[in-house]
Engineer: 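One structure coming up, written as structure tokens, with questions to follow.
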Number of protein chains: 2
Amino acid sequence: MQADIVIRALGALAQEHRLAAFRLLVQAGAEGIPAGVLAERIGVPPSSMSFHLAQLAHAGLVTQRRESRSIIYSADYAAMSGLMAYLTENCCGGVPCEDAAACLPATNRETV
Amino acid sequence: MQADIVIRALGALAQEHRLAAFRLLVQAGAEGIPAGVLAERIGVPPSSMSFHLAQLAHAGLVTQRRESRSIIYSADYAAMSGLMAYLTENCCGGVPCEDAAACLPATNRETV
DNA sequence: ACAATAATTCCATAATTATCGAATCGTTGG
DNA sequence: CCAACGATTCGATAATTATGGAATTATTGT
């Protein structure tokens with residue numbers, strides 16, 4: 001995972017409505033949620049929701065599928081965990097962490 | 001952890017230079033890195049670095065301490081793991097995840 | 001006290017991002 | 001085929017964020 005896509009993903013999540021949408025999708029699981037339902041639950045007009053969902057999709061955080069008239073969005077769990085791994089990569093630079101709990105995803109840390 | 005601070009943290013990380021700085025700090029561990037060294041390594045003028053470090057500090061992602069003339073920054077691991085926990089909170093809404101690996105920090109999931 | 005060093009604040013400018021109404025594009029049922 | 005529905009794209013405006021030079025604030029050694 002390269003910095004470029006990570007920045008896009010972080011930027012996508014760093015917005016009130018998009019963060020709310022993503023969390024709803026994370027909780028919804030594989031079933032997903034249609035765009036219109038997201039717009040209604042979050043309280044933004046459809047055109048704004050589309051804009052935000054496009055950002056999330058462009059960052060690879062969500063996938064979409066058409067089902068009849070609706071377009072259904074789902075969270076991409078792999079992208080999310082890749083993002084977290086990137087943030088903690090090589091945490092503490094090999095030195096045993098005092099609070100090892102913080103280095104949770106433990107990408108490069110065999111020492112714990 | 002509330003949405004407000006999470007958005008600030010994500011926004012702080014969603015920028016090339018700040019992400020680079022934060023990762024250097026994560027790898028540096030408790031020892032930390034002086035502002036000037038960060039500016040030089042990342043290749044931005046001191047005033048820009050100050051601006052970015054202030055953003056990270058305001059988001060609670062880094063702490064700072066003075067040591068003689070230098071101000072030394074360190075990553076706040078607790079804030080980082082709190083951030084990740086927020087993103088995966090109530091992942092898959094109780095339904096057993098197909099790819100459970102993605103729900104790593106496993107905040108609310110006793111079912112796995 | 002002074003010069004040098006490390007960092008920050010201030011400020012104007014540039015660039016990016018968000019908002020939402022109106023128009024448009026697929027899909028379905030009658 | 002057409003009216004209705006769900007969603008997206010377009011476009012103009014508003015708001016936020018990034019940049020970096022110059023001035024300012026701490027700190028140290030002589």
Side-chain angles (χ1 to χ4, degrees), chain A residues 3-25 28 31-76, chain B residues 3-25 28 31-76:
Chain A
D4 198 44
I5 189 71
V6 170
I7 288 169
R8 225 178 310 163
L10 290 167
L13 292 172
Q15 206 277 344
E16 182 189 355
H17 301 319
R18 288 197 294 265
L19 182 60
F22 184 73
R23 270 165 50 92
L24 285 175
L25 292 175
E31 192 188 344
I33 303 176
V37 174
L38 284 172
E40 194 182 6
R41 282 210 207 154
I42 292 174
V44 296
S47 67
S48 294
M49 193 74 254
S50 264
F51 169 76
H52 291 308
L53 287 172
Q55 304 260 63
L56 288 169
H58 186 234
L61 288 168
V62 303
T63 58
Q64 69 214 90
R65 67 181 197 275
R66 178 177 280 276
E67 201 154 292
S68 163
R69 278 184 275 223
S70 300
I71 295 188
I72 299 183
Y73 286 83
S74 313
D76 185 322
Chain B
D4 198 45
I5 189 71
V6 170
I7 289 170
R8 225 179 310 165
L10 290 166
L13 293 172
Q15 207 278 343
E16 183 188 354
H17 301 319
R18 287 196 296 265
L19 182 59
F22 184 72
R23 271 165 50 91
L24 286 174
L25 292 175
E31 191 188 344
I33 303 175
V37 174
L38 283 172
E40 194 181 8
R41 283 210 207 154
I42 293 175
V44 297
S47 68
S48 294
M49 194 74 254
S50 264
F51 169 77
H52 290 308
L53 288 171
Q55 305 259 62
L56 288 168
H58 186 234
L61 287 167
V62 303
T63 58
Q64 70 213 89
R65 67 179 196 275
R66 180 177 279 278
E67 201 153 289
S68 162
R69 277 184 273 226
S70 300
I71 294 189
I72 299 183
Y73 286 84
S74 313
D76 184 322

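The chains referred to below are lettered A, B, ... by the order of the sequence lines, with proteins before strands, and numbering in each begins at 1.
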Engineer: I'd like to check Glu67(A) versus Pro34(A) (side-chain heavy atoms, cut-off strictly below 4.5 Å). Are they in contact?
Structural biologist: no
Engineer: Just to be sure I understand the geometry, which residues of residues 5-24 of chain A put a non-hydrogen atom under 4.0 Å away from DNA chain C?
Structural biologist: Gln15(A), His17(A), Arg18(A)
Engineer: Looking at every strand, decide which applies to Pro45(A) at a 4.0 Å heavy-atom threshold: base, sugar-phosphate, or nothing.
Structural biologist: sugar-phosphate
Engineer: Can you check whether Ser50(A) has a side-chain N or O nearer than 4.0 Å to OP1 or OP2 of dA7(D)?
Structural biologist: no
Engineer: List the atom of Glu31(A), the atom of Ile72(A), and the distance in Å for their closest heavy-atom pair.
Structural biologist: O-CG2, 3.7 Å
Engineer: Ignoring hydrogens and angles, write down the donor-acceptor pairs under 3.5 Å from the side chains of residues 5-20 of chain B, residues two or more places apart or on other chains.
Structural biologist:
residue  : atom : partner  : partner atom : Å
Arg8(B)  : NH1  : His58(B) : O            : 3.3
Arg8(B)  : NH1  : His58(B) : NE2          : 3.1
Arg8(B)  : NH2  : Asp4(B)  : OD2          : 3.3
Gln15(B) : OE1  : His17(B) : N            : 2.8
Gln15(B) : OE1  : Arg18(B) : N            : 3.2
Arg18(B) : NE   : Ala12(B) : O            : 2.6
Arg18(B) : NH1  : His52(B) : ND1          : 3.0
Arg18(B) : NH2  : Gly11(B) : O            : 3.2

Engineer: Would you give the length of the straight line joining atom CG of Leu24(A) to atom CZ of Phe22(A), rounded to the nearest 0.5 angstrom?
Structural biologist: 11.0 Å
Engineer: Quick one: are Ile33(B) and Arg41(B) in side-chain contact, heavy atoms under 4.5 Å?
Structural biologist: yes
Engineer: Measure from CE on Met49(B) to P on dG21(D) and round the result to the nearest Å.
Structural biologist: 16 Å
Engineer: In whole angstrom, give the distance that lies between atom CD1 of Ile71(B) and atom P of dT28(D).
Structural biologist: 12 Å
Engineer: Nearest whole Å is fine: how far is dT9(C) P from Leu53(B) CG?
Structural biologist: 11 Å
Engineer: Of all the choices, dA18(C), dG21(C), dT19(D), which nucleotide is nearest to the side chain of His52(B) once you look at every atom?
Structural biologist: dT19(D)
Engineer: Starting at atom CZ of Phe51(A), determine the distance to atom C1' of dA14(D), rounded to an integer number of angstrom.
Structural biologist: 13 Å
Engineer: Where along residues 54-70 of chain A does a heavy atom fall under 4.0 Å from DNA chain C?
Structural biologist: Gln55(A), Arg66(A), Ser68(A), Arg69(A)
Engineer: Give the nucleotide from the list dA18(D), dA18(C), dT9(C) with an atom nearest to the side chain of Ser47(B).
Structural biologist: dT9(C)
Engineer: Is there a donor-acceptor contact under 3.5 Å from the side chain of Arg23(B) to the main chain of Leu25(B)?
Structural biologist: no
Engineer: dT8(C) phosphate, OP1 or OP2: any side-chain N/O from Tyr73(B) under 4.0 angstrom?
Structural biologist: yes
Engineer: Give me the atom names and distance for the closest heavy-atom approach of Leu56(B) to Ala21(B).
Structural biologist: CD1-CB, 4.4 Å
Engineer: If you round to the nearest 0.5 Å, how far is CG of Leu38(A) from CD1 of Ile71(A)?
Structural biologist: 12.0 Å
Engineer: Restricting to non-hydrogen atoms, name the atom on Gln64(A) and the atom on Ala57(A) that form the minimum distance, rounded to 0.1 Å.
Structural biologist: OE1-CB, 3.9 Å
